[in-house]
Amino acid sequence: MTRSGRFLLWSGIVALCAWVLVPIYLIGVGAFGGRAAAFRWPKGILPVNTSLDQILVFLRIEGVANAAMNSLIAAGLTMLFSLLLGAPAGYALARFSFRGADAFRLMVLLTRAFPLAILALPLTVIFIKTGLYDTPLGVSLVHTALALPFATLVTAGLFQGIPREFEEAAWVFGCTRFQAIRKVVLPLALPGLAASAVFAFVISWNEVFAASVLTVRERTLTAYLLTVLSESPIHYRFAGGFILIVPSIVFIFAVRRYLFALWGVTSR
Amino acid sequence: MAGIVIDRIEKTFGTAKALDAVSLTVADGEFVALLGPSGCGKTTLLRIIAGLESRSGGRVLIGDRDVSDLRPADRGLAMVFQNYAVFPHMTVFENVAFGLRTKNAPEEKVRRNVMRAAELLHIEPYLERYPAKLSGGQRQRVAVARALAVEPAVLLMDEPLSNLDALLRLEMRADLKRVLQEAGTTTVYVTHDQTEAMGLADRIAVMHSGRIVQCDTPMTVYAAPATTFVGGFVGSPPMNFVPIRNEDGRARLDGFEATAPGTGELLLGFRGEDVRIDAPERGLSFAVAVAEPMGSHVLLTGTIADKLVRVVAPTGIRVAAGERIGIVPDPERVVWMSPETGAALPRIIS
Ligand SMILES: Nc1ncnc2c1ncn2[C@@H]1O[C@H](COP(=O)(O)OP(=O)(O)OP(=O)(O)O)[C@@H](O)[C@H]1O
Ligand SMILES: [Mg+2]
């Protein structure tokens, strides 16, 4: 690589990292730095008089624990549903050629283009009727609808990256279709499946609109914080924001290797 | 008892015909090589026998049982894939053991069979490794070992030795033949290497653009090819074909004359080693272009009646490029072909 090429590469890397890391860092400084840090201007680079006080106060706010639990349940269920439904759909897309496969791919993506706001009222009505309203399960169903397109398309790419011959070899050596999937396809797909599961989890964890509309008392953390924080002082908002982004970061960090593997597979 | 009967198998991909009414019978314990150029349908035929590819027509019988609609797992065969298909998430040991494990074979038997197959293919040092850490040739041997370990009644192999170096290939070939013979395994062996087919097979089925054009013992395929394609494809150097005119039962060209079937224009086919070198005015007039000493013989390349011809001459011969010599094919060993159809004409027993 030429010198200027290397310079471009590195400045690109620095810019991208800054784009992501600086806001996170500032939120962190605000969350741990107390009132003073939150209001200080210009912002200091180093945190001043750090303390866990705000975070702890924040966690003790009435209802935060319950909301966090709801978020975990909703995100966990979303993860489960989108994998249970998305992986078989992805497998079918990858392995079978059927009429309308391409149209189906497009339709799957188009569900994301459908504005949730229009659905909100009818959904609320149906959820109230069926008893799903104000439950994590109800929220997770909507979140599954949001996460499913990604789960389907990403797993389709994943399964496509696993040569058909592996399965065929398994069949020849005595496996049924399901045995071949269990013994050969799933082990090879596991990293990618884990990554798309985490992705579904994060989608649910971050989603706020549907969660706000479909719950009143059993709010998820994002929805709950949205109401609480709009009425709190700014340094508590930092604390709340920090608590919201931490799980996503930890999760993505934990599966980063698989995400790389996933890209490696799908870009083939 | 596990012979294979392939009965008028057809296969079309879209509009392209990959297999055109292919019929082949492989007796129990027989070793048949499917030989043909790239793209002639060998892999497709093998995959249809295994049940991995749908067929457009025809039937497959294994051991007198119609298996045409059975799943691959129920056909009772093993296969070596052209691109190995060795499972990357299992050690070599587990790969070789795979077929036995799915059949829930006792651990002791698994161990014994895996060891024997590994020993045969010289892969014992790698048993605990993952395939990613093997070379192409080593992976290919794992694929062969995996098929042998299940002790199948029917074994399908798709170019199983293509990636080995010449020495190892020679050794594996001999070992494979011995083991399969001892076990009485019915084998269909795909290759485009004709020496491999000649050395291994009880019979060779020569394929050409979706058809089996000849299926016979190696010596017959070699000496009496059914078509000019077979003559040109089998044997090195390939069989020579020279246009010749037949008048009232005698074909004549230059100083050569022989009793021939048919009438009018014919093709005279002869192997490069079935000739006698003579004076230019006797026999076919051969214009030498290149003389290549090969150690055991000299390979002469040149033309007869403007057709490219290769003949084998003894080492002592003294010829130079540009010279003309006479070539006299052994009349007992020549074949006669129709120039229109390329098919062999019946031999005249004289
Ligand atoms: N899935 C497919 N779709 C369309 N055409 C195919 C498919 N598989 C094979 N063909 C075509 O069928 C013909 C036979 O292919 P096949 O793989 O059987 O050849 P082969 O004899 O095994 O060749 P090689 O020696 O190169 O392995 C080829 O012309 C190939 O292009
Ligand atoms: Mg092939």
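In what follows, chains carry the letters A, B, and so on, assigned in the order in which the sequence lines appear, proteins first and then strands, with residues in each chain numbered from 1.
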Check: How would you list, by chain and number, every residue that makes a salt bridge (Lys or Arg N to Asp or Glu O under 4.0 Å) with B:Asp202, sequence neighbours excluded?
Finding: none
Notebook entry, point to check: CZ of A:Phe7: more than 12 outside heavy atoms within 6.0 angstrom?
Noted result: no
Notebook entry, point to check: Taking atom CD of B:Glu108 as the centre, does the number of heavy atoms from other residues, nucleotides or ligands within less than 6.0 Å exceed 12?
Noted result: no
Check: At a heavy-atom separation under 4.5 Å, does B:Val86 approach chain A through its side chain, its backbone, both, or neither?
Finding: backbone
I'd like a table of the N/O donor-acceptor pairs between chain B and chain A - cut-off under 3.5 Å, distance only.
unit_1: B:Arg47; atom_1: NH1; unit_2: A:Glu168; atom_2: OE1; d: 2.7
unit_1: B:Arg47; atom_1: NH2; unit_2: A:Glu168; atom_2: OE2; d: 2.9
unit_1: B:Ala73; atom_1: N; unit_2: A:Trp171; atom_2: O; d: 3.4
unit_1: B:His89; atom_1: NE2; unit_2: A:Lys183; atom_2: O; d: 2.9
unit_1: B:Thr102; atom_1: OG1; unit_2: A:Phe173; atom_2: O; d: 2.6

Note to self: Using a 4.5 angstrom heavy-atom cutoff, name the option from A:Ala169, A:Gly174, A:Ala180, A:Pro187 with the most pairs to chain B.
What the structure shows: A:Ala169
Next item on the list: Return yes when atom CZ of A:Phe178 has more than 12 non-hydrogen atoms of other residues, nucleotides or ligands closer than 6.0 Å, and no otherwise.
Entry: no
Next item on the list: List in chain and number order the residues that pass salt bridge (Lys or Arg N to Asp or Glu O under 4.0 Å) with B:Glu182, two or more places apart in sequence or in another chain; answer none if no residue qualifies.
Entry: B:Arg178
Check: If you look at every heavy atom in A:Phe173 and B:Phe98, which pair is closest and at what distance?
Finding: CB-CD2, 3.7 Å
Notebook entry, point to check: Does atom CZ of B:Arg112 have more than 12 heavy-atom neighbours, drawn from other residues, nucleotides or ligands, at distances under 6.0 Å?
Noted result: yes
Item checked: Top contributor to chain A interface from B:Ala147, B:Ala78, B:Pro88, B:Pro152 [non-hydrogen pairs under 4.5 Å] -> B:Pro88
Notebook entry, point to check: What part of B:Ala143 gets closer than 4.5 Å to chain A, counting heavy atoms only: side chain, backbone, both or neither?
Noted result: neither
Next item on the list: Name all residues meeting the side chain to side chain contact (heavy atoms under 4.5 Å, CB included) criterion together with A:Ala197; count only those two or more places apart in sequence or in a different chain, and write none if there are none.
Entry: A:Met79, A:Leu83
